*Asks:* 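Okay, handing you the structure first.
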Amino acid sequence: RAKQRTSPILASMRPQALLAALVVVAVLAAALPLAHSQGATPSAWPCCDKCGSCTRSIPPLCTCMDMSPTGCNKACKTCAKPNSTLAGGDGFRCADRIANFCKRRCTPVA
C-alpha cells in the first residue's frame with residue numbers, strides 16, 4: 001500500500017486559522033446581497049397611491065397622480081411641477097408612463 005501524504009500547506013494550518021478563514025468567507029458572502037440591494041433604483045419604486053390614466057396594452061402603461069413636496073424619485077425621467085393648485089396641488093409628480101405603475105401602493109391601505 002502507498003502511504004498518503006498530507007499537503008504541507010494543509011499540515012501547517014492550524015484549526016484556528018481554518019476557522020478564521022471560514023468566518024471571513026461567511027461574512028463576505030453575507031455582505032454581497034446587501035451591497036447589491038443598494039443599487040440606483042430602490043425596490044419600493046415604482047409604486048402609486050393615486051393612479052392616473054393607463055393604456056389598454058399588456059402590461060398597461062400608467063401615469064401616477066401622487067404628489068411629493070420634495071421632488072420625484074431618482075428613477076423618474078420626467079418630474080413635473082404643476083403651476084397651479086387646480087392642477088393637483090403644490091409639489092412634484094412623476095409624469096412618466098410606466099408599465100404596471102399602479103400595481104403596487106406606496107403606502108399601506110388604512
Side-chain angles (χ1 to χ4, degrees):
R1 262 187 180 184
K3 189 176 179 183
Q4 288 184 345
R5 296 183 67 195
T6 307
S7 167
I9 294 173
L10 291 177
S12 65
M13 291 185 98
R14 295 193 172 128
Q16 294 87 357
L18 288 173
L19 181 61
L22 182 62
V23 168
V24 168
V25 169
V27 168
L28 290 175
L32 284 176
L34 291 175
H36 181 68
S37 69
Q38 295 173 354
T41 306
S43 62
W45 199 80
C47 61
C48 181
D49 290 339
K50 187 177 178 186
C51 192
S53 62
C54 295
T55 64
R56 291 185 178 187
S57 63
I58 297 179
L61 300 174
C62 302
T63 58
C64 183
M65 303 305 289
D66 289 356
M67 298 295 288
S68 171
T70 58
C72 299
N73 186 288
K74 292 178 191 175
C76 179
K77 295 176 184 162
T78 310
C79 188
K81 180 167 176 56
N83 45 0
S84 76
T85 54
L86 297 176
D90 192 28
F92 298 87
R93 171 180 90 75
C94 182
D96 293 352
R97 196 170 277 276
I98 299 175
N100 294 319
F101 206 161
C102 302
K103 187 175 183 176
R104 287 187 316 135
R105 288 185 57 84
C106 300
T107 58
V109 178

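In what follows, every heavy atom counts, from backbone to side chain, and hydrogens, waters and symmetry copies are set aside. Since this is a predicted model, take the numbers as computed values, not measurements. Sequential numbering from 1 along the given sequence is applied to the chain's residues.
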*Asks:* Hey, could you give me each pair passing ring pair (Phe, Tyr, Trp, His ring centres under 6.0 Å) that has a residue in residues 48-80? Not counting sequence neighbours.
*Replies:* none

*Asks:* Would you mind reporting whether Trp45 and Cys94 have side-chain heavy atoms less than 4.5 Å apart?
*Replies:* yes

*Asks:* Applying disulfide (SG to SG under 2.5 Å), run through Cys54 and Cys62 and close with a yes or a no.
*Replies:* CA-CA 4 Å; Cys54 295; Cys62 302; 2.1 Å; yes

*Asks:* Excluding sequence neighbours, so at least two apart, what forms side chain to side chain donor-acceptor pair (under 3.5 Å) with Asp49?
*Replies:* Thr107

*Asks:* With heavy-atom distances below 4.5 Å as the criterion, would you say the side chains of Phe101 and Asp66 are in contact?
*Replies:* no

*Asks:* When you look at Cys48 and Cys64, which way does the disulfide (SG to SG under 2.5 Å) test go after all the steps?
*Replies:* CA-CA 6 Å; Cys48 181; Cys64 183; 2.1 Å; yes

*Asks:* Any side-chain heavy-atom pair from Asn100 and Pro60 closer than 4.5 angstrom?
*Replies:* yes

*Asks:* Can you give me the closest heavy-atom contact between Arg104 and Pro46, atom names plus distance?
*Replies:* NH2-O, 3.5 Å

*Asks:* Name all residues meeting the salt bridge (Lys or Arg N to Asp or Glu O under 4.0 Å) criterion together with Lys50; count only those two or more places apart in sequence or in a different chain, and write none if there are none.
*Replies:* none

*Asks:* Among all residues two or more places apart in sequence or in another chain, which pass the side chain to side chain contact (heavy atoms under 4.5 Å, CB included) test with Thr78?
*Replies:* Ala95, Asp96

*Asks:* How long is the span from the SG atom in Cys51 to the NZ atom in Lys103, to the nearest 0.5 Å?
*Replies:* 13.5 Å

*Asks:* Using every non-hydrogen atom in the two residues, find where Ala75 and Asn73 come nearest and quote the distance to one decimal.
*Replies:* N-OD1, 2.8 Å

*Asks:* Drop me the distance from Arg93's CZ to Cys76's SG, to the nearest 0.5 angstrom.
*Replies:* 9.0 Å

*Asks:* Looking at every non-hydrogen atom in both residues, tell me the closest pair between Met65 and Gly52 and how far apart they are.
*Replies:* CG-CA, 3.6 Å

*Asks:* Can you name the residues that form a side chain to side chain donor-acceptor pair (under 3.5 Å) with Lys81, not counting sequence neighbours?
*Replies:* Asp90

